[in-house]
Chemist: 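Questions regarding the structure given below will be posed in turn.
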Amino acid sequence: MPHDGRARTGVSEPRAREADAADTGSPPPVPEAVTSERALTFVGAALTAVYLPGAGNQELRLVETAGSARCEYGLPDRLPLSGDSPAAHTFRTGRPLWLTSEALASYSTGGPTPPRPETSLAALPLGTERGRLGCLVVVGDSADGFEAEQRRFLEQYADAVLAVLRTGTGRPAPSPLLSPALRSLCVGSFVITPDTGLIEADETLLELAGITPDDFDGKADTLLAHALPEDMHALMSVLEPSTQTVGRRELEFRVRRPTGEMRWLSLSCQVAAGCDGRPEQVLGVVTATSVLRQSADDVSRIQWLTAALDDAVTVRDVSRVVVTALGEPLGADRVALAELQDDRLAVTVLDPPEPAAWPQWWRSEWRSEWPDAPVSALPTLQMALRDGRMDLWSAGAALEPGLAGIGAGGLAVLPLPAKGWVAGVCLVGWDQPHEFVPEERFLLTATAALVGQALKRARAHDAEQELATMLQRSLLPRRLPELPGGTAVARYLPAKRGLQVGGDWYDVIALSEDRVALVIGDVQGHSAGAATIMGQMRTAIRAYAVEGHPPDVVVSHANRLLVGMETDLFATCCYAELDMEEGNALFVRAGHLAPLLRHPDGRTEEVQVEGGLPLGILADAEFPMTTCALAPGTVIVMVTDGLVEAVDLPLDEGMDRTRTALAGADPADPGEMADELLGELDPREDDVALLLLRYDGMKTRPIRAGWAVWRLPDAVMHARRFTARALRRWKVEEVTDAALLVVSELVTNGLVHTQGPVRVDLMLRGDRVRVSVSDCSPRSPAKPVIVDWDATGGRGLLLVEAMSESFGSVPVAGGKQVWSELVVPHCDQAHVDSGPRTQRRGLP
């Protein structure tokens, strides 16, 4: 806990209570103002104040003050932003000011009144360069200003005030700010009366110890009961101070919370003596280890390291903690941490990171971000890893070239043990001759044991997340197709809690040259099982869509498939099929959120899609379709509930927030638009999927003509006449001969080898004519493997393929479609007949 050795003992007086008063039940709560005064006094703050911009942003206005010296000092109510005051200077520049009493005297305005020679001042900006919301002013009671630990705490305090200020944006009254900000830092305070054994503790201190206010009876023994027995002796010296302990004291101790969790706490107290010189009161504050200062004491270092490693999740986090714990405290010139992977060392961090600071042998192994070398190339490391013991090499020791340049003045080789095996190795080197004192040996040994366990845990976490990421990426599309007449983008963000793989999915399916399907869904739950079902559903929906089924049939088939899986999970889904040529969309919704539209004029709306049951509940569920017309420039947005719903975010409010963001986003860049819709979602409770399509319209609209072939003896002749007439009308007679050959062969195959109707469709787009023949057989046409002189058939498909620029077959609902594309030389579609774009005929 940051402290000031000259902090005064004149904290607010506790209420006088007799010994038997604690037996009447829970003591009344300590006023929050008293709690704030106690905590701020221990960081040398006699008065704190918040200045916010006034009307027109021409001045700073004092909105709130707190501290034990509010009656002794005064601060100006208003400060001009252009004036020469510490607060205005900090607000303009965005840099904090730490002024001693002498430096404060150089400022004509903005200081405390009346001025005193033992007064210092700090001004800290509230905000960043993107936007400053105000300034925090702290008046200190020491002429020498604030110490390093006090500055760090006050910077954290300013960040907490800013967080409270941001949460209140838009409210008419910004107060209170100071007390909630201090409460968010989890700083508890207390006053002990040694003669009675009673303690006045605030709610924050009780929460840190794991005691509810109703269970607290005001006795110090109740708090001591939660401390570990090993720390009881030190705490008793605080509860029962002697005449020799009058003054400032600091210590760290552990408590066992009701959940079984052990928590490190830091205590800073001051003993106030009475008229007879005996201890009369013990005033103090308690914080969690998150604001525990790093002292030169080895025990405190280990305590800090333990707390820091508890928060380290990944291997990189552990590596950064090791550099902080060993580099500066030991005065080391180099620190390296490497994982042991089979028989190789994979370096995870180097300090300093520049290659020039490390031996030439390391630079030769620099194949990626960090070096990667076999253990056998470093005999000293190989021996240390085999024995599992720390090796300390003094200056001038004979080492192999790979280690000699790391620590010319001394080298510590620390194997990192982890439950029976070695997780890695840490190297600490000095350039100047270094003596390894016993205290330092203890620190290095303890650090190696703690880091080894943390490294093993972090490696398991990284492997789990890598597997989850690989699984998620394999189940989602690697890239989205390029679409004629539109641009689609998608975003997926895994949940930050638990396994980062979930059941959200999306897909963009190019059905034809002018039709595309969009689908987004969410499988119940957040697990590998949900991800597996998600992959199966995405594959099934894609297969049904490519077969040519309409949207309601696609979703219905997927629903029956999920019901037949006999899983306990269900899924929601929103499916849309877009006609990119005509600008029409068909939506089907199965228990999912409705899609959002952003019109070209900026208006947004939630498409009223008639919903059906989620997939996997009822096999015979119906899924009605909803039609929607799209104008060029319209943006379709489909999301999962992880974006618009959370514990503290109702669904309606989340949808409104997304619509507002959609209306304000610039559709010129769909990628940036999707990022703006995601906003700041950390930490995420659920995974998030977002699919966005900007419909631009087809630049070149095709011309179509269709012919239903009747099963008559001269059916092929009529199909050829229809084709010739259409090509003459479109002024592309150059491909007539090739097109007639293709039509003859494909129609003949359809009539001879299939039953049911046969249809010819022609389409002209740009310089290409597409001939398609549909029939009722799902079997794709097979080209003959061998065609000899005696064969009576089989050459037709070979001729079609030879005449075509491209050729293929696709399944459609109820059968297949065989198509061929022909290139029209020197085609100018501007001269094509401007008659009806689509012609449907059944007679020649």
Side-chain angles (χ1 to χ4, degrees), residues 36 40 43-67 69-117 119-143 145-146 150-182 184-185 664 680:
S36 301
L40 292 174
V43 293
L47 178 65
T48 56
V50 176
Y51 282 91
L52 300 181
N57 288 336
Q58 299 298 317
E59 63 180 8
L60 292 175
R61 182 168 50 89
L62 180 66
V63 297
E64 186 178 358
T65 59
R70 279 181 291 183
C71 299
E72 303 176 24
Y73 293 105
L75 288 173
D77 291 335
R78 299 179 185 275
L79 293 170
L81 272 177
S82 59
D84 182 26
S85 65
H89 184 271
T90 294
F91 186 86
R92 292 194 303 266
T93 63
R95 295 190 297 270
L97 286 177
W98 304 98
L99 304 176
T100 62
S101 178
E102 182 180 356
L104 179 60
S106 63
Y107 286 85
S108 58
T109 60
T113 54
R116 296 182 182 179
T119 300
S120 56
L121 185 139
L124 296 95
L126 300 177
T128 60
E129 294 181 357
R130 296 181 180 179
R132 283 183 279 276
L133 303 182
C135 180
L136 176 69
V137 175
V138 183
V139 178
D141 54 9
S142 170
F146 297 93
Q150 295 172 337
R151 292 186 181 187
R152 282 195 292 268
F153 180 81
L154 291 176
E155 288 172 348
Q156 293 179 356
Y157 188 35
D159 292 339
V161 173
L162 175 62
V164 177
L165 187 60
R166 282 175 172 170
T167 58
T169 302
R171 299 177 184 174
S175 299
L177 297 171
L178 295 173
S179 293
L182 190 63
S184 68
L185 294 178
E680 298 180 0

Chemist: Taking only residues two or more places apart in sequence or in another chain, which ones pass salt bridge (charged side-chain N to carboxylate O under 4.0 Å, His left out) with Arg78?
Modeler: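 Arg78: salt bridge (charged side-chain N to carboxylate O under 4.0 Å, His left out) contacts with Glu59.
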
Chemist: Do Leu97 and Leu121 come close enough that some side-chain heavy atom pair is under 4.5 Å?
Modeler: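 No, side chains not in contact.
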
Chemist: With a 4.5 Å limit on heavy-atom distance, are the side chains of Pro76 and Tyr51 in contact?
Modeler: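 The answer is yes, as the side chains (C-beta and beyond) meet within the 4.5 Å cut-off.
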
Chemist: In the structure I gave you, are the side-chain heavy atoms of Phe146 and Val138 within less than 4.5 Å of one another anywhere?
Modeler: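 They are in contact (side-chain heavy atoms under 4.5 Å apart), so the answer is yes.
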
Chemist: If I compare all heavy atoms of Ser120 with all of Ser142, which pair ends up nearest, and what's the gap?
Modeler: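 Here Ser120 and Ser142 meet closest at OG-O, 2.9 Å.
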
Chemist: Go through the steps for Leu178 and Leu40 under the test side-chain contact (heavy atoms from CB on, under 4.5 Å), then give the verdict.
Modeler: CA-CA 11 Å; Leu178 295 173; Leu40 292 174; over 6 Å; no

Chemist: Might you work through the side-chain contact (heavy atoms from CB on, under 4.5 Å) test for Glu64 and Leu177, ending with a clear yes or no?
Modeler: CA-CA 8 Å; Glu64 186 178 358; Leu177 297 171; 3.4 Å; yes

Chemist: With the side chain counted from C-beta on, respond yes when Arg61 and Asp77 share a heavy-atom pair under 4.5 Å apart, and no when they do not.
Modeler: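 Not in contact.
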
Chemist: What pairs of donor and acceptor atoms, side-chain ones from residues 105-113 against any protein atom, are under 3.5 angstrom apart with sequence neighbours left out?
Modeler:
from   : atom 1 : to     : atom 2 : distance (Å)
Ser106 : OG     : Ala103 : O      : 2.6
Thr109 : OG1    : Asp84  : O      : 3.2
Thr113 : OG1    : Gly74  : O      : 3.2

Chemist: Would you tell me whether Thr48 and Tyr157 have side-chain atoms, one donor and one acceptor, within less than 3.5 Å of each other?
Modeler: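 There is no such pair (donor and acceptor under 3.5 Å, judged by atom type) between the side chains of Thr48 and Tyr157.
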
Chemist: Can you list the steps and then say if Asp141 with Thr119 is a side-chain contact (heavy atoms from CB on, under 4.5 Å)?
Modeler: CA-CA 5 Å; Asp141 54 9; Thr119 300; over 6 Å; no

Chemist: Please find the pair of heavy atoms, one from Ala181 and one from Ser184, that lie closest to each other, and give the distance.
Modeler: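 Result for this residue pair: O-OG, 2.5 Å.
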
Chemist: Check Leu154 against Leu124 and note the closest heavy-atom contact, atom names and distance.
Modeler: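 For Leu154 versus Leu124, the nearest heavy atoms are O-CD2, 3.9 Å.
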
Chemist: Identify the two heavy atoms, one from Leu79 and one from Ser85, that lie closest to each other, and give their separation to 0.1 Å.
Modeler: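 Residues Leu79 and Ser85, closest heavy atoms: CD1-OG, 3.9 Å.
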
Chemist: According to the side-chain hydrogen bond (donor to acceptor under 3.5 Å, both in side chains) rule, which pairs have a member within residues 88-100, sequence neighbours left out?
Modeler: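 Listed once each, the pairs would be none.
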
Chemist: Mind listing the closest non-hydrogen atom pair of Pro86 and Ala123 along with its distance?
Modeler: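 Residues Pro86 and Ala123, closest heavy atoms: O-CB, 3.8 Å.
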
Chemist: Which atoms form the tightest heavy-atom contact between Ala87 and Val137, and what is the distance?
Modeler: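 So the two residues come closest at CB-CG2, 3.9 Å.
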
Chemist: Before you tell me yes or no, could you show the steps for Thr65 and Val50 under side-chain contact (heavy atoms from CB on, under 4.5 Å), namely the whole-Å CA-CA distance, both residues' side-chain angles and the distance that decides it to 0.1 Å?
Modeler: CA-CA 7 Å; Thr65 59; Val50 176; over 6 Å; no

